[in-house]
Amino acid sequence: MKKDDEKILFSKSLIRTKELCEGLFYYDNHNNREPRHEARVKKRLDVKTEPETTKETVTSGQMTKLETNAVKALGVLDQAGDHMSEQTPLPYSPLTLRVPEPQCRPGDTPDFSNMVVPAAGAVRRPAIDIKASEIHDMAYSIIRILDNDGEPVGDWAEDGLDDDALRRGLRDMMKVRAFDARMLMAQRQGKTSFYMQALGEEAIACAHAKALRKGDMNFPTYRQQGLLLANDYPVETMMNQIYSNAEDPLKGRQLPIMYSSKEDGFFTISGNLATQYIQAVGWAMASAIKGDTSIASAWIGDGSTAESDFHSALVFASTYQAPVVLNVVNNQWAISTFQGIAVGEGGTLAARALGFGIPALRVDGNDYLAVYAVSKWAAERARRNLGPTMIEYVTYRAGGHSTSDEPSAYRPKEESTAWPLGDPLERMKEFLIKRGAWSQERHVQAQSEIESEIVLAQKSAEKNGTLHAGNKVSASEMFEGVYKEMPENLRRQRQEAGV
Amino acid sequence: MARMTMIEALRSAMDNMMERDKNVVVFGEDVGYFGGVFRCTSGLQEKYGKSRCFDAPISESGIVGAAIGMAANGLRPCVEIQFADYVYPAYDQITQEAARIRYRSNGDFTAPITIRMPTGGGIFGGQTHSQSPEALFTHVAGLKTVIPCNPYDAKGLLISAIEDDDPVMFLEPKRLYNGPFDGHHDRAITPWSKHEAGEVPEDYYNIPLGKAAIRREGQAVTVLAYGTMVYVALAAAEETGIDAEVIDLRTLVPLDIDTIEKSVKKTGRCVVVHEATKTSGFGGELSSLVQEACFYHLEAPVVRVAGWDTPYPHAQEWSYFPGPERVGNALKTVMEDA
């Protein structure tokens with residue numbers, strides 16, 4: 001390093017030390033703290049009284065009085081001042097904090113050119129009992145079946161669904177979208193307080209539902225309404241819950257859309273993030289302990305993988321080889337925070353599983369066929385007692401996080417249309433038409449049928465009341481179900497409340 | 001009848017329950033092969049197999065989270081948190097999940113789990129092996145909180161906790177594991193084998209949750225205590241000669257308010273004792289309840305004796321621990337106040 005560069009570097013570090021030193025002085029003054037070591041504070045005061053020393057030309061290898069005092073004040077150096085002065089400065093720039101930023105913000109042209117999208121059919125289908133160590137590459141790729149022309153290709157396309165099941169898949173996704181649209185509108189009309197749609201992600205829950213069996217248990221997040229709808233859970237019951245009306249199965253106690261149905265393999269949604277991930281692993285462990293045949297399916301979003309419960313879940317799943325499918329829905333956005341804040345600038349969410357020895361696949365989340373095939377593979381592994389599998393679904397949250405969110409404040413409006421994996425409904429429709437199993441006419445008719453079904457259910461649900469109008473759940477319900485049997489203090493409080 | 005330590009009594013409770021109900025599983029850090037750092041689960045893995053009693057990773061949120069999932073799938077997990085001081089990583093799972101699953105799902109799912117943990121000080125455990133976090137649980141709707149003070153109760157209450165269909169926080173005063181302790185740390189220890197409450201049936205029995213026990217009948221003042229402090233209060237009554245009625249609450253939630261009211265209305269005075277820090281401790285709740293229910297019967301203000309509002313110190317343990325002298329002084333104070 002040149003002598004001059006060395007001088008500049010050393011001067012810079014000196015200035016930083018001075019700032020730090022004054023920072024400490026400020027801290028002491030403003031907190032009225034009794035100084036720990038009076039002598040040190042005195043030295044700091046010396047620094048304040050001799051500001052001109054900062055203008056000294058500093059030469060490498062020498063420590064000025066200011067520098068020595070500063071270091072002493074920081075407690076780094078007590079007795080060994082002379083020794084420290086012999087240390088040569090580091091040949092690096094000062095440290096800076098790196099905060100990941102998304103490619104685009106509002107006003108920018110959406111750009112996904114950094115995203116590597118492999119050709120459909122390019123990623124192999126491994127043996128069901130494969131070791132995680134043999135498929136590390138798959139945690140960094142994307143399994144796709146439907147190619148850009150809507151043709152199913154590759155290993156994963158084999159033993160697929162028949163025409164009826166495929167048509168059903170499309171209808172399920174259409175139903176979720178229509179349901180979401182109506183409920184979003186109902187929230188805007190003040191009929192409920194809150195709603196969350198799955199726009200653009202419909203394929204994931206709808207196709208995954210078809211890969212499970214009755215008796216299996218999902219531990220969903222708030223964006224897997226497709227699990228219920230694809231299994232013919234009554235639309236009206238979901239609406240009763242959303243409206244918190246007299247027929248709400250959860251008696252008005254839980255936030256809208258946080259459904260629960262044990263019968264339908266749908267664990268009560270928490271609303272707290274990631275907690276359900278480790279619970280799913282526990283459920284799966286219980287299945288193994290009991291010698292049962294059912295498996296669990298855990299759900300989490302990209303943002304929540306940063307929670308410690310995600311880590312706990314992977315530890316337990318790996319240690320006990322629990323029969324669980326570990327689903328990660330990477331829809332790119334956690335409210336306003338892009339996925340890079342959870343995963344960092346390198347690697348993928350799926351790759352997090354590799355350190356645990358858990359096989360991890362990444363899949364095109366907007367490809368119904370791929371989601372089904374990969375879910376089926378992972379569920380099969382669990383059912384054969386081969387242990388957990390992680391699946392990262394690469395998708396895009398086309399709508400807001402919830403009705404309380406306005407995405408145009410933090411991402412370009414056109415970003416969802418630029419998303420390279422397209423729209424799951426459109427892709428499925430195009431594929432089915434090409435296959436000769438569907439037509440534009442049938443599509444229009446199906447759309448109309450589905451909308452009628454939703455509207456009819458909504459009318460029926462609204463007869464039971466909405467959040468602020470019509471029939472309501474009794475206020476006394478608030479005191480029920482805290483415990484199996486109501487304790488004395490609650491009995492007294494219910495009496496006091498007069499309900 | 002067999003004499004047991006509290007450790008043996010707790011083990012016997014788990015043994016009985018594992019034998020009676022195949023859905024009872026026991027796990028936690030070091031509880032499997034080794035049988036727990038306090039030996040409470042010793043022999044259970046050998047007897048019931050590795051799938052019903054096993055070691056868990058050092059992950060308290062994982063232990064409780066997994067237990068919740070197991071309970072949702074029909075099991076009845078009884079898990080050990082190695083020290084109450086380590087329960088905090090699981091606090092989210094306990095308070096936001098276990099406590100609320102019944103409520104939020106309208107009974108569709110429930111969380112019948114028991115979370116055991118050694119609590120309290122007196123063993124020179126310093127700030128990470130001495131805490132008494134019971135008030136952090138009593139404050140949460142949906143949880144039950146139990147603290148036994150002798151082997152007989154420990155077994156009967158643990159059986160009730162495991163059988164309960166709601167989540168139960170089961171705090172075991174570790175200073176009582178091997179014998180009663182009245183705070184006189186300089187005196188010889190009496191083992192449970194020489195104490196009548198060390199008599200524990202080997203067979204199944206239970207003690208219902210929510211019922212207090214009167215450990216000493218008295219007319220002058222009511223002392224509300226639980227865990228180790230029961231013995232400290234008894235010693236203080238003997239040493240001051242004040243005719244105190246010492247109530248062992250046994251269960252903090254649900255609370256036996258009737259026994260408390262009846263006693264305070266009789267004596268007209270009340271001292272509340274716990275080892276946990278004073279501010280926002282469960283003693284604040286107790287003294288409020290007493291003044292709400294018994295104000296016109298009170299001859300003196302309710303006095304609290306508790307741990308100082310500091311972290312649990314190491315070398316200063318006996319200056320921190322609310323011993324019989326401090327409790328005795330409180331008894332004298334409420335008696336002087338006429």
Side-chain angles (χ1 to χ4, degrees), chain A residues 217 219 248-255 258-263 266-272 274-292 294 296 298 307-309 311-313 315-316 318-320 322 324 477 480-485 487-490 492, chain B residues 22-23 25 27 49 51-52 54-75 77 89-90 92-93 95-113 141-144 164-167 209-210 253-258 289:
Chain A
M217 186 61 70
F219 285 73
D248 172 6
L250 307 185
K251 303 291 178 190
R253 296 184 201 132
Q254 177 60 304
L255 199 65
M258 307 290 175
Y259 316 104
S260 172
S261 182
K262 191 178 201 170
E263 177 64 23
F266 196 95
F267 187 73
T268 159
I269 300 178
S270 170
N272 276 28
T275 47
Q276 73 285 351
Y277 221 54
I278 172 67
Q279 292 165 2
V281 176
W283 195 99
M285 288 170 69
S287 198
I289 289 168
K290 295 194 295 185
D292 207 341
S294 303
E307 289 280 9
S308 57
D309 278 338
H311 180 267
S312 303
V315 172
F316 276 67
S318 153
T319 298
Y320 304 107
V324 60
E477 277 294 343
E480 301 289 339
V482 183
Y483 298 92
K484 188 178 183 185
E485 278 153 32
E488 185 56 27
N489 61 322
L490 276 182
R492 290 183 187 187
Chain B
K22 65 178 178 8
N23 290 321
V25 293
F27 64 100
S51 68
R52 291 188 61 203
F54 52 90
D55 290 325
I58 303 175
S59 169
E60 289 77 13
S61 72
I63 291 168
V64 177
I68 291 168
M70 289 177 187
N73 197 357
L75 297 187
D92 190 37
Q93 287 287 350
T95 63
Q96 311 298 297
E97 299 293 321
R100 298 204 198 136
I101 280 171
R102 175 188 295 282
Y103 190 75
R104 77 177 193 226
S105 72
N106 190 29
D108 193 23
F109 292 91
T110 57
I113 62 177
L143 299 178
K144 295 184 179 180
D164 201 280
D165 288 331
D166 288 307
L209 305 185
V253 176
L255 185 69
D256 186 354
I257 188 71
D258 291 342
L289 287 170

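Every value quoted in this text rests on a predicted model; they were computed, and no experiment measured them. The chains referred to below are lettered A, B, ... by the order of the sequence lines, with proteins before strands, and numbering in each begins at 1.
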Exercise. Under 4.5 Å between any side-chain heavy atoms of Phe267(A) and Ile101(B), yes or no?
Worked result: yes

Exercise. Should we say atom CD of Glu485(A) is surrounded by more than 12 heavy atoms from elsewhere, each under 6.0 Å from it?
Worked result: no

Seminar exercise, completed: OG1 (Thr268(A)) and CD (Glu97(B)) are apart, to the nearest 0.5 Å, by 8.0 Å

Problem set entry | Salt bridge flag under 4.0 Å for residues Asp165(B) and Lys484(A) | yes

Exercise. Has the side chain of Asn106(B) got a donor or acceptor atom that lies under 3.5 Å from a matching backbone atom of Pro249(A)?
Worked result: yes

Exercise. So which of Val482(A), Thr275(A), Val315(A), Ile289(A) has the largest heavy-atom pair count under 4.5 angstrom toward chain B?
Worked result: Thr275(A)

Exercise. Is there a side-chain contact between Asn73(B) and Ser287(A) (heavy atoms, below 4.5 Å)?
Worked result: yes

For this session: Hey, could you give me the CZ/CZ distance between Arg253(A) and Arg102(B), rounded to the nearest 0.5 Å?
Result: 10.0 Å

Problem set entry | Contacting region of Asp55(B) [heavy-atom separation from chain A under 4.5 Å] | backbone

Exercise. Do you know which of Ser270(A), Ser312(A), Pro487(A) has the most heavy-atom pairs with chain B at a distance under 4.5 angstrom?
Worked result: Ser270(A)

Problem set entry | Selection from Ala99(B), Gly107(B), Ser59(B), Gly142(B) maximising heavy-atom pairs under 4.5 Å formed with chain A | Gly142(B)

For this session: Show the numbers, then the answer: is there a side chain to side chain contact (heavy atoms under 4.5 Å, CB included) between Lys290(A) and Asn23(B)?
Result: CA-CA 8 Å; Lys290(A) 295 194 295 185; Asn23(B) 290 321; 4.2 Å; yes

Exercise. Based on non-hydrogen pairs under 4.5 Å, which of Met70(B), Arg104(B), Arg52(B), Glu60(B) is most in contact with chain A?
Worked result: Arg104(B)

Exercise. Is the distance between the ring centroids of Phe54(B) and Tyr320(A) under 6.0 Å?
Worked result: yes

Seminar exercise, completed: Okay, Leu255(A) and chain B: the region with an atom under 4.5 Å from a heavy atom over there is neither

Problem set entry | Pairwise distance CZ(Phe316(A)) to OG(Ser61(B)) - rounded to 0.5 angstrom | 7.5 Å

Seminar exercise, completed: Of Asn272(A), Asp248(A), Thr319(A), the largest count of non-hydrogen pairs under 4.5 angstrom with chain B goes to Asn272(A)

Exercise. For Ala141(B), is it the side chain, the backbone, both or neither that has a heavy atom under 4.5 Å from a heavy atom of chain A?
Worked result: both

Seminar exercise, completed: Counting heavy-atom pairs under 4.5 angstrom with chain A, the leader among Asp108(B), Asp92(B), Asp164(B) is Asp108(B)

Problem set entry | Heavy-atom pairs under 4.5 Å with chain B, option from Met258(A), Met217(A), Lys262(A) with the top count | Lys262(A)

Exercise. Which bit of Val253(B) comes within less than 4.5 Å of chain A, counting heavy atoms only: side chain, backbone, both or neither?
Worked result: side chain

Problem set entry | Interface residue of largest heavy-atom contact number with chain A, from Ala56(B), Pro57(B), Pro254(B), under 4.5 Å | Pro57(B)

Problem set entry | Leading residue by heavy atom contact count with chain A [cutoff under 4.5 Å; candidates Asp258(B), Leu75(B), Thr110(B), Leu255(B)] | Leu75(B)

Problem set entry | Any donor-acceptor N or O pair under 3.5 Å, side chains Gln93(B), Gln279(A) | yes

Problem set entry | side chain to side chain contact (heavy atoms under 4.5 Å, CB included) evaluation trace for Tyr483(A) with Lys144(B) | CA-CA 9 Å; Tyr483(A) 298 92; Lys144(B) 295 184 179 180; 3.8 Å; yes

